Amino acid sequence: MTVHQEHAIDLEALRARYRAERDRRLRPDGEAQYTPLGADRGAGDPWAGDDDGDRAPVHDAVDALVVGGGFGGLVAAARFRDAGLERIRVVDAAADLGGTWYWNRYPGVACDVESYIYLPLLEEVGVMPTRKYAPGEEIRRHAQAIGRRFDLYRDALFRTEVTGLAWDDEAARWTVRTNRGDVVSARYVVISSGPFNRPKLPGIPGIADFRGHTFHTSRWDYEHTGADLERLADRRVAVIGTGATAIQVVPHLARAARHLLVFQRTPSCVDERGDRTTDPAWWETLEPGWQRTRRENFLALVDGREAGDDLVDDRWTDTAPVRGRRRAATGREDPALAVELADAEKMDEIRARVDDLVDDAATADALKPWYRQMCKRPTFSDAYLQAFNRPDVTLLDTRGAGVERITPDGLVVDGVEHPVDTIVLATGFELGADPATRAGVDIRGRDGLPLAEYWADGLRTFHGWVSRGFPNLFHLGSTQNAASPNFAHVLEVQAEHVAGVVAEAEQRGAVLVEPSAAAEDRWVATIRERAVDMQDFQAQCTPGYYNGEGRPRRRSEQFGGGPVEFHAVLADWREHGDHDEVFTPR
Ligand code: NDP
């Protein structure tokens, strides 16, 4: 037995506990346990009001078409505007801008990355977020403000889904088709469809038979709950799921419902949040360029690098991997062991926090997470765990099994039926979808080649944003680039890069933006060589969307050098790279 005396951590015992927790959650159906939120299952748009989306089809030509009105698409469109493009068309299934912040309006929805570094273009739009962690409504309004500031509403098409993109080599343009019968010709197309565009429902037997009311958190039904949840005062409400969404929504439901029952399959790791209002006097002291400095400081610190003072100073820079890298740098132990020990310490603190905050010992025990911290998305709350101290809140821990069955009147756990009037599904989003098809668009490049076919054996891109045979089509998100908890930041860097390259293409006149075979091969080789093999780590994790519900992908498509180095790669290419390997004459 290896007991690390210094911290009294019995790693062997901890590993065995983690393994047991994982094993009891592995299910043969993996990702197939979920079903999509289809049109027949509440996938409508509760925020569209009278706008039924009915309109005459559009047949015209634009300079750039952007699929997705979330922050990635908005920054790309804003920078296209700066580059002098005249007709820029954002297309979104929603009735307005905002992306995930358009859909997610559940009570308590807020950013849990600091708003000063999360919200794009704060300095340009001239906005001071009201809180360190801005509420969703404010974030949505910021997306709209970007839309107005860069005149993006003029050509936008809402309540519209792009269904097909076909490259017309002769015209050197994309023909874009939508579910509204539009046919638009576009010189450039950006796809920024976001990771959270497909809500999923749990495949719990009997779910369709429930006689009460059910909805998914991303389609909150305020008609049912009342604007302040006042209509829940005489109702028993169930929440299924305890991920980042549930952590935010539970304290609100706890206050409003006659009785709240939280059905837990796997507890989240809940760290401190430390939200506060923005001090206007401090805001006044910020010098121009502050947002970039603050974002880069955060990015470097969460990437485990030295970056001087921790400007954001929240729990994201205290996660297990960040601590682990610091510990490994001391050279005291073998690096992998150092990282594991740091993780064990961190998770001990997280579990101790549960004991500190939750009065009932059995409830506290059930709320303790037993896995390595990055097995699941860490969460942050100063109200979630405390909610279980209320007499009108009950935790129903399913010990990894999930809700057994739903009857017309309630939910069954361990053979016991718990009657409820309302079921709130905080069960997340489908993230495993194939990157070539996840936007729901049939993409066909030169000679009609489907992108799904071109990427069938793995992604092929140059620097993550453009592929050979698919000229002038740009991807934002997680394709052979590098991620960070501040997703809005990495999206902005990608969007600005794409728009910068387009600006130069425009200056040069008649060119296509399309990588040479050599440039693309080089990047694919870099991705393969530098890939960080997360498979072993993820295979030991409790199931969830991070590890394909217990079946980790065979190969990472992320740049192994991390986001700081990736951003340097992009900047360096813009500055010194051979642009001819991406610009081809028409
Ligand atoms: P998640 O996928 O993180 O959570 C889904 C939850 O549903 C899990 O707790 C899961 O349990 C549970 N579940 C699924 N099926 C069953 C079942 N049959 N019985 C019982 N429980 C079940 O979705 P979220 O919506 O919480 O979060 C998705 C992502 O959205 C986050 O990871 C985060 O990236 C983002 N987000 C960001 C926020 C921000 O502030 N920036 C706020 C909210 C979300 P199990 O763990 O066992 O699978």
Side-chain angles (χ1 to χ4, degrees), residues 21-22 24-27 29-35 37 71 99-101 103-106 108-115 117-119 132-136 139 194-207 216-220 238-250 261-270 273 275 314 316 367 369-371 374-381 384 395-406 411-413 423-432 478 483-488 541-550:
E21 295 288 340
R22 176 204 60 188
R24 77 155 87 133
R25 287 174 173 82
L26 284 173
R27 327 173 15 142
D29 50 358
E31 288 174 332
Q33 70 183 280
Y34 293 104
T35 51
L37 191 69
F71 284 130
T100 194
W101 301 102
W103 294 105
N104 284 281
R105 303 192 198 189
Y106 56 83
V109 60
C111 186
D112 57 14
V113 168
E114 191 195 60
S115 44
I117 58 165
Y118 181 82
L119 292 173
K132 189 168 171 77
Y133 302 100
I139 301 175
F196 302 130
N197 62 340
R198 297 180 181 209
K200 63 185 183 343
L201 303 177
I204 302 172
I207 189 166
H216 189 272
T217 43
S218 69
R219 302 287 187 281
W220 194 270
V239 174
I240 302 182
T242 50
T245 298
I247 299 304
Q248 295 186 332
V249 86
V250 158
L261 297 94
V262 180
F263 290 83
Q264 171 180 275
R265 191 164 67 178
T266 311
S268 268
C269 159
V270 191
R273 184 161 173 82
D275 192 15
D314 68 6
W316 277 113
L367 285 164
W370 291 96
Y371 45 79
M374 283 303 155
C375 284
K376 287 191 178 284
R377 164 77 151 56
T379 70
F380 309 88
S381 174
Y384 173 74
L395 177 71
L396 284 147
D397 180 32
T398 66
R399 293 190 304 283
V403 174
E404 200 173 297
R405 199 153 47 84
I406 297 183
L411 299 87
V412 178
V413 172
I423 302 178
V424 176
L425 298 165
T427 45
F429 304 86
E430 237 184 275
L431 278 100
S478 310
S484 157
N486 191 3
F487 195 51
C541 286
T542 46
Y545 77 80
Y546 271 25
N547 69 350
E549 298 298 331

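Predicted, not measured: the structure shown is a model, and the values here were computed from it. Both ligands and their constituent atoms are indexed starting at 1 by order of listing.
- Listed by chain and residue number, the protein contacts of ligand 1 are Tyr34, Tyr106, Ala110, Cys111, Asp112, Phe196, Pro202, Ile204, Ile240, Gly241, Thr242, Gly243, Ala244, Thr245, Gln248, Arg265, Thr266, Lys376, Arg377, Gly402, Val403, Ala426, Thr427, Gly428, Phe429, Tyr545 (heavy atom within 4.0 angstrom).
- With rounding to the nearest 0.5 Å, the separation of CG in Asn486 from CH2 in Trp316 is 9.5 Å.
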Exercise for the section: Would you please test His216 and Phe429 for ring-ring contact (aromatic ring centres under 6.0 Å, His included) and show each step? Expected result: CA-CA 10 Å; His216 189 272; Phe429 304 86; 5.5 Å; yes
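- Within a 6.0 Å radius of CZ in Arg405, no more than 12 heavy atoms belonging to other residues, nucleotides or ligands are found.
- In terms of heavy-atom proximity, Phe263 sits nearest to Thr242 at O-CG2, 4.2 Å.
- Residues forming a ring pair (Phe, Tyr, Trp, His ring centres under 6.0 Å) with Phe487 (at least two apart in sequence, or on another chain): none.
- Looking at every heavy atom in both residues, Gln264 comes nearest to Leu395 through CB-CD1, 3.9 Å.
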